[in-house]
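Ligands are counted one by one from 1 in listed order, and the atoms in each one are counted from 1 as well.
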Amino acid sequence: MKVLVTGGAGFIGSNFVIRAREQRPDWQLTVLDLMTYAANLSSLDRVVADIDIVKGSVTDADLVDELVAAHDVVVHFAADSHNDNSLDDPWPFIDTNIVGTYQLLQAVRRHDKRIHHISTDEVYGDLELDDPAKFTETTPVNPSSPYSASKASADLLVRAWVRSFGLRATVSNCSNNYGPRQHVEKFIPRQITGILEGVRPKLYGAGANVRDWIHVDDHNDAVITILEQGRLGETYLIGADGEMSNRDVVLLLLELMGKPADWFDLVPDRPGHDLRYAIDATKLRTETDWRPAHPDVRSGLADTIDWYQTNQDWWRTAKVVAETRYDRLGR
Ligand code: NAD
Ligand code: TDX
């Protein structure tokens, strides 16, 4: 099977390519990636001899058409992905996440291929902290930020192309991922690399917001499972019951990294900050044999800390750029 992986030099996409090489060695993989600030080509060092890499944009209709025609399946990770950046400059989110998805859908339709669209639980908005409810596939979309609105828009385009044109597509909405090769602008790598540099973790607001953490390999195993066992036209929520407040994540990182429990700062909150995300993955668990292999966030975080400690060349330059941006945003 020839698989086109968009955004394959980013966090989840690069881990997907590495995982797919291990788990499905007969797949021929091509990465299409614009190599924005969020990409790191060295994430693919381990597999570079076995894959094709094309530098280009999912918004480039001619390039997308040519690449889709030459593959059987598209796994669409490419996106601008950071909420804070979408509040600062929304346009790249509209362009890549909405227009880019449109170009892929049109090419997949023209050439009668299959696409799996990667999305996020953020399209459903947020839940109250004390609400026992979780998101399911029937929760109405209600996005809060320019980023999540652009992802919800892309999800709706996929659904419309399925209904109107019979497109062979599936969608997955996953909760917050953690693991190796995540950009240092994101919460967990920002705090781990900060602690390694002697900088106290920074919690937005009171640190009470809750995220539902899943190891990136569990997300990618679910994507492989949906490609093979998912029903066409369906949406699947992916999550591993990893709800934690941001404060509890920081306390765990401090403990694992040998720092005192009060060694963090509260900083100004993100505007429109979603309170809580939580995933009910019953549909995925019922319809497929996927089960998370890393349900223990504590041991997953310990491995992630090791990775950032061992791979400082991977993140040092990006760290300076990301913290300069945070200084400007006052966070
Ligand atoms: P990332 O920012 O680490 O990687 C995104 C990649 O897409 C980068 O390599 C970037 O260069 C590439 N890209 C950006 N614009 C492009 C364009 N126009 N054309 C081609 N490539 C382009 O993001 P990530 O965290 O790996 O997220 C991947 C996908 O998973 C996104 O669609 C995101 O919405 C979704 N998702 C992420 C999470 C999470 O916790 N990180 C959770 C659920 C869903
Ligand atoms: O320094 C920080 N301090 C802090 O308290 C940062 C960077 C974040 N936070 C908080 C904000 C969120 O409540 O931590 C939580 C996680 O923040 P992010 O890593 O920015 O993730 P989030 O906004 O939850 O979105 C992530 O999960 C869903 C990904 O970035 C998205 O791409 C994905 O769709």
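Between His117 and Thr101, the side chains place no donor N or O within less than 3.5 Å of an acceptor N or O (distance only, hydrogens not considered).
Distances below 4.0 Å separate heavy atoms of Ala9 from the following atoms of ligand 1: 9 (O). For ligand 1, the atoms closer than 4.0 angstrom to any heavy atom of Ser81 are 1 (P), 2 (O), 23 (O). Interface atoms of ligand 1 facing Ile12, defined by a heavy-atom separation under 4.0 Å, are 24 (P), 25 (O), 26 (O), 27 (O), 30 (O), 36 (N), 37 (C), 38 (C), 39 (C), 41 (N). Close contacts between ligand 1 and Ser119 involve ligand atoms 43 (C), 44 (C) [criterion: under 4.0 Å to a heavy atom]. Near Lys151, meaning under 4.0 Å from any of its heavy atoms, are these atoms of ligand 1: 31 (C), 32 (O), 33 (C), 34 (O). Which parts of ligand 1 touch Asn176 is read off a 4.0 Å heavy-atom cut-off, strictly below it: atoms 40 (O). Less than 4.0 angstrom separates some heavy atom of Ser175 from each of these atoms of ligand 1: 42 (C), 43 (C). The atoms of ligand 1 that sit less than 4.0 Å from any heavy atom of Tyr147 are 33 (C), 34 (O).
Note: an N/O pair closer than 3.5 Å links Thr96 and ligand 1 by distance alone. On a distance-only criterion, Ala78 and ligand 1 share no N/O pair closer than 3.5 Å. In terms of polar-atom proximity, defined here as any N/O pair under 3.5 Å, His219 makes no such contact with ligand 1.
Relative to the six-membered ring of Tyr326, Arg331 misses at least one condition, a distance below 6.0 Å or an angle of at most 45° to the axis.
The main-chain N or O of Arg211 is never found under 3.5 Å from a side-chain atom of Asn246 such that the two would form a donor-acceptor pair. Formation of a donor-acceptor pair under 3.5 Å by the Tyr124 side chain with backbone atoms of Ala278 is not found in this model. Side-chain atoms of His111 never come within 3.5 Å of backbone atoms of Lys113 as a donor-acceptor pair (strictly under, hydrogens ignored). Although no hydrogens or angles enter the test, the distance criterion places no donor-acceptor pair under 3.5 Å between the side chain of Trp314 and the main chain of Ser42.
Leu275 is not connected to Leu203 by any chain of hydrophobic side-chain contacts under 4.5 Å among Ile, Leu, Val, Met, Phe, Trp and Tyr, and they are in different clusters. The hydrophobic clustering, which links ILVMFWY residues whose side-chain heavy atoms are closer than 4.5 Å, places Val320 and Leu196 apart. Residues Val223 and Ile279 do not share a hydrophobic cluster, defined by chaining ILVMFWY side chains whose heavy atoms lie under 4.5 Å apart.
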Can you give me a line-by-line list of nitrogen or oxygen pairs between ligand 2 and the protein shorter than 3.5 Å?
| unit_1 | atom_1 | unit_2 | atom_2 | d |
| --- | --- | --- | --- | --- |
| ligand 2 | 1 (O) | Arg190 | NH1 | 2.8 |
| ligand 2 | 1 (O) | Gln191 | NE2 | 3.1 |
| ligand 2 | 1 (O) | Lys202 | O | 3.4 |
| ligand 2 | 3 (N) | Lys202 | O | 2.8 |
| ligand 2 | 5 (O) | Tyr204 | N | 2.9 |
| ligand 2 | 13 (O) | Arg211 | NH2 | 3.2 |
| ligand 2 | 13 (O) | Asn246 | ND2 | 2.9 |
| ligand 2 | 13 (O) | His273 | NE2 | 2.7 |
| ligand 2 | 14 (O) | Asn246 | ND2 | 3.4 |
| ligand 2 | 19 (O) | Phe187 | N | 2.9 |
| ligand 2 | 20 (O) | Arg270 | NH2 | 2.8 |
| ligand 2 | 23 (O) | Asn83 | ND2 | 2.8 |
| ligand 2 | 23 (O) | Arg270 | NH1 | 2.6 |
| ligand 2 | 24 (O) | Asn176 | ND2 | 2.9 |
| ligand 2 | 24 (O) | Arg211 | NE | 2.7 |
| ligand 2 | 25 (O) | Glu122 | OE2 | 2.6 |
| ligand 2 | 27 (O) | Glu122 | OE2 | 3.4 |
| ligand 2 | 27 (O) | Asn176 | OD1 | 3.4 |
| ligand 2 | 27 (O) | Asn176 | ND2 | 3.1 |
| ligand 2 | 30 (O) | Ser81 | O | 3.4 |
| ligand 2 | 32 (O) | Ser81 | O | 2.8 |
| ligand 2 | 32 (O) | Tyr147 | OH | 3.0 |
| ligand 2 | 34 (O) | Thr120 | OG1 | 2.7 |
| ligand 2 | 34 (O) | Tyr147 | OH | 2.5 |

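The nearest pair of heavy atoms linking Asn97 to Ala154 is O-CB, 3.3 Å.
The closest approach between Gly8 and ligand 1 stays at or above 4.0 Å for every heavy atom of the residue. Judged by the shortest distance from any of its heavy atoms, Met35 lies inside the 4.0 Å radius around the atoms of ligand 1.
In this structure, the protein non-hydrogen atom closest to atom 30 (O) of ligand 1 is Ile118 CG2, 3.4 Å. The protein heavy-atom contact nearest to atom 20 (C) of ligand 1 is Leu34 N, 3.3 Å. Of all protein heavy atoms, the one lying nearest to atom 25 (O) of ligand 1 is Phe11 CD2, 3.7 Å.
Evaluated by nearest non-hydrogen atom to atom 40 (O) of ligand 1, the leading choice among Asp60, Val223, Ile188, Asn177 is Asn177. Ranked by closest heavy atom to atom 9 (O) of ligand 1, the top entry among Thr36, Asp33, Val31 is Asp33. Counting only non-hydrogen atoms, the option in Tyr277, Phe77, Phe16 that gets closest to atom 28 (C) of ligand 1 is Phe77.
More than 12 heavy-atom neighbours from other residues, nucleotides or ligands sit within 6.0 angstrom of CG on Asp265.
You'll find the side chain of Leu63 reaches within 4.5 Å of the side chain of Leu32, heavy atoms only.
Counting heavy atoms under 4.0 Å from ligand 1, residue His82 does not touch it at all.
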